[in-house]
Peer 1: 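Questions regarding the structure given below will be posed in turn.
Throughout, a chain's letter reflects where its sequence line sits, starting with A, and its residues are numbered from 1.
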Number of protein chains: 2
Amino acid sequence: MNEKVDTKARILDAAEKLFGERGFESTSLRDITAEAQVNLAAVNYHFQSKDSLIDAVVARRIEPINRLRLGMLDAAGPNPTLEQILRAFLLPVLELKRDAVMPLLGRTLSDPHQFVEKVYKKHLLAISERIHRELAKALPGLPVAELRWRLYFAAGVMTYILSWSKVLPDISGGLCDPSDRQALIDRVIDFLAAGFRAPVNEPAFERVLLEKEG
Amino acid sequence: MNEKVDTKARILDAAEKLFGERGFESTSLRDITAEAQVNLAAVNYHFQSKDSLIDAVVARRIEPINRLRLGMLDAAGPNPTLEQILRAFLLPVLELKRDAVMPLLGRTLSDPHQFVEKVYKKHLLAISERIHRELAKALPGLPVAELRWRLYFAAGVMTYILSWSKVLPDISGGLCDPSDRQALIDRVIDFLAAGFRAPVNEPAFERVLLEKEG
DNA sequence: TTCTCATTCATACGTTCGATTAAATCATAC
DNA sequence: GTATGATTTAATCGAACGTATGAATGAGAA
């Protein structure tokens with residue numbers, strides 16, 4: 001059990017930073033080992049491949065987030081309100097302290113790389129099922145297809161925030177500053193809650209059902 | 001002015017398809033020329049580089065969309081409603097006939113590649129300014145920072161739909177089918193309009209202002 | 001000390017990438 | 001029919017990629 005204090009952790013940190021900044025595919029192992037100031041071969045020694053490294057980098061951040069989400073849902077009792085559910089879904093990712101994590105998760109949720117898509121499904125499918133069940137209880141009048149769509153819209157809002165958090169102050173002329181995490185979370189929840197509670201456009205909804213059957 | 005009927009167009013079509021499916025970075029020029037059944041060097045002959053090809057592929061689809069958006073806004077008169085503005089923003093991209101275009105635009109709006117980011121800004125900054133102005137008129141009571149955030153949320157919903165339209169029926173168990181474009185557009189507009197009209201969480205908003213001044 | 005084994009290191013392999021070249025090919029104008 | 005200029009072709013370039021190798025290194029057990 002030898003080890004130059006924390007080579008493995010340094011690789012994870014450097015990979016997290018660069019994956020978030022440049023994306024998974026655009027970041028080479030040489031970029032990562034240079035940033036971490038370790039030898040190139042250390043990556044394939046501690047992890048087995050670049051894909052496994054991606055998996056480890058993502059899992060290190062997503063799993064605590066999902067535990068926190070489940071904890072918040074459990075703490076909210078058997079029938080959480082819409083706002084409580086949305087908060088459990090959003091707060092653990094929008095409150096992240098480390099600057100590098102939000103861009104990393106943004107890439108994870110939007111990268112075309114097919115391996116990343118597998119990681120996404122592996123870590124996020126279960127939690128989205130739970131969220132969906134809770135939402136169905138909190139919004140009993142909402143058709144299930146409509147609910148799916150709206151949860152999907154909410155995931156889009158979250159992903160976009162994660163992806164662009166770094167450059168948002170620039171392109172918004174300073175109007176949008178994600179650094180006040182609590183204000184941002186309240187803002188998103190208010191916006192999404194209103195969307196979830198919007199009346200259902202019945203004609204459109206029935207047209208879909210009819211086309212499905214025909 | 002010679003030309004084997006449409007080498008240039010075949011490259012554009014193949015690139016559009018593969019860029020959308022695999023992303024810009026993961027798609028090599030050899031993939032594209034194989035799909036288009038043209039010689040590898042044809043790409044650097046008709047376009048100058050891969051980056052220029054990306055620009056051409058994206059511009060070919062985005063520019064007509066933006067013209068349509070501006071046309072819809074102009075046709076709605078001097079004071080369009082919130083729903084009219086959202087429809088002008090969303091319909092031209094969500095109604096697209098060619099299956100390959102939506103994934104392509106999804107990549108364009110979420111790819112980490114810095115050149116793609118430049119393309120995005122080049123083609124979408126002007127239209128988003130116009131949308132922002134119209135929204136400010138339609139929602140006079142909404143603070144400008146709040147409006148920016150909500151427009152940003154709306155862009156997130158649109159981007160997510162574009163990015164995942166291909167796989168959405170699978171992962172939703174058939175509940176979400178983007179093929180009925182009109183129903184989808186109505187759905188998104190209802191959802192977003194409710195979000196835009198949500199009451200502003202004043203305490204959170206004022207906290208941001210205070211922190212900005214202090 | 002000496003042995004052991006986990007770790008680090010410099011180096012290289014085979015592949016694929018975007019880009020380039022010069023020759024071959026083709027359509028049109030004269 | 002021949003000259004001209006646009007286009008296509010096969011072949012190759014140097015660079016960068018992920019991965020692998022075998023020799024050095026270093027700490028702890030004997």
Side-chain angles (χ1 to χ4, degrees), chain A residues 1-58 104 107-108 111-119, chain B residues 1-58 104 107-108 111-119:
Chain A
M1 182 90 69
N2 236 341
E3 196 166 347
K4 198 184 106 190
V5 277
D6 49 4
T7 300
K8 209 168 168 177
R10 292 165 64 111
I11 293 173
L12 281 174
D13 289 341
E16 174 174 285
K17 173 168 180 265
L18 297 181
F19 283 154
E21 286 175 3
R22 313 177 193 175
F24 297 101
E25 189 117 2
S26 305
T27 303
S28 70
L29 296 185
R30 287 167 177 83
D31 292 336
I32 294 170
T33 54
E35 170 83 19
Q37 292 183 280
V38 301
N39 189 274
L40 170 61
V43 174
N44 286 289
Y45 175 76
H46 287 285
F47 310 87
Q48 293 74 20
S49 63
K50 185 178 180 181
D51 279 358
S52 296
L53 173 64
I54 293 176
D55 194 15
V57 168
V58 173
L104 171 77
R107 303 297 181 212
T108 307
D111 197 291
H113 195 296
Q114 61 170 0
F115 177 79
V116 180
E117 195 178 318
K118 270 164 58 182
V119 172
Chain B
M1 183 89 69
N2 237 338
E3 196 167 345
K4 197 185 106 188
V5 280
D6 50 4
T7 300
K8 210 168 167 178
R10 293 164 63 118
I11 293 173
L12 282 174
D13 288 341
E16 173 175 286
K17 172 167 181 267
L18 297 181
F19 283 154
E21 285 175 4
R22 314 177 192 175
F24 297 101
E25 189 118 3
S26 305
T27 303
S28 69
L29 297 184
R30 286 167 177 82
D31 293 335
I32 294 170
T33 54
E35 170 82 20
Q37 292 183 279
V38 301
N39 188 274
L40 169 62
V43 174
N44 287 289
Y45 176 75
H46 287 285
F47 310 87
Q48 292 75 21
S49 63
K50 184 179 180 180
D51 280 357
S52 296
L53 173 64
I54 293 176
D55 194 16
V57 168
V58 172
L104 171 78
R107 303 296 180 212
T108 306
D111 197 292
H113 196 295
Q114 61 171 1
F115 176 79
V116 180
E117 196 178 317
K118 269 163 59 183
V119 172

Peer 1: Run the side chain to side chain contact (heavy atoms under 4.5 Å, CB included) test against B/Leu29 and tell me which residues pass, sequence neighbours left out.
Peer 2: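 Partners of B/Leu29 by the side chain to side chain contact (heavy atoms under 4.5 Å, CB included) criterion, ordered by chain and then number, come out as B/Ile32, B/Leu40, B/Val43, B/Asn44, B/Lys50, B/Leu53.
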Peer 1: Using a cut-off of less than 4.0 Å, is there contact between a side-chain N or O of B/Thr7 and OP1 or OP2 of D/dT8?
Peer 2: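 Answer is yes, contact under 4.0 Å.
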Peer 1: Could you tell me whether the phosphate oxygens of D/dA6, OP1 or OP2, come under 4.0 Å of any side-chain nitrogen or oxygen in B/His46?
Peer 2: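 Indeed not, no polar side-chain atom of B/His46 lies that close.
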Peer 1: Suppose we screen for side chain to side chain contact (heavy atoms under 4.5 Å, CB included). Which residues come up paired with A/Ala34, at least two apart in sequence or across chains?
Peer 2: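 Residues passing side chain to side chain contact (heavy atoms under 4.5 Å, CB included) with A/Ala34: none at all.
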Peer 1: Whole angstroms only, please: what is the CZ-C1' distance between B/Phe47 and D/dT7?
Peer 2: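 Going from B/Phe47 (CZ) to D/dT7 (C1'), I get 14 Å.
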Peer 1: Only counting residues at least two apart or in another chain, list the ones meeting side chain to side chain contact (heavy atoms under 4.5 Å, CB included) with A/Ala36.
Peer 2: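 A/Arg10, A/Ala14, A/Val38.
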Peer 1: If we only count heavy atoms from C-beta on, is the A/Arg107 to A/Phe24 side-chain gap below 4.5 Å?
Peer 2: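 They are in contact (side-chain heavy atoms under 4.5 Å apart), so the answer is yes.
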Peer 1: Output the rounded distance in Å from CZ (B/Arg22) to P (C/dC17).
Peer 2: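 Interatomic distance, CZ of B/Arg22 to P of C/dC17: 10 Å.
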Peer 1: Go through B/Leu12 and B/Phe47 one step at a time and tell me if the side-chain contact (heavy atoms from CB on, under 4.5 Å) criterion holds.
Peer 2: CA-CA 10 Å; B/Leu12 282 174; B/Phe47 310 87; 3.8 Å; yes
Peer 1: Not counting sequence neighbours, which residues clear side chain to side chain contact (heavy atoms under 4.5 Å, CB included) with A/Asp31? List them please.
Peer 2: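 Expected list: A/Leu18, A/Arg22, A/Thr27, A/Ser28.
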Peer 1: For nucleotides 14-17 of chain D, give me every protein contact, N/O to N/O, under 3.5 Å, one pair per line with atom names.
Peer 2:
unit_1: D/dC17; atom_1: OP1; unit_2: A/Ser28; atom_2: OG; d: 3.3

Peer 1: Among all residues two or more places apart in sequence or in another chain, which pass the side-chain hydrogen bond (donor to acceptor under 3.5 Å, both in side chains) test with B/Glu35?
Peer 2: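 B/Glu35 satisfies side-chain hydrogen bond (donor to acceptor under 3.5 Å, both in side chains) with B/Lys17 once adjacent residues are dropped.
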Peer 1: Restricting to nitrogen or oxygen on both sides, can you table the protein-nucleotides 20-25 of chain C pairs closer than 3.5 Å?
Peer 2:
none

Peer 1: For B/Ile11 and D/dT7, give me the distance from atom CD1 to atom C1', rounded to whole Å.
Peer 2: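 Value for this atom pair: 11 Å.
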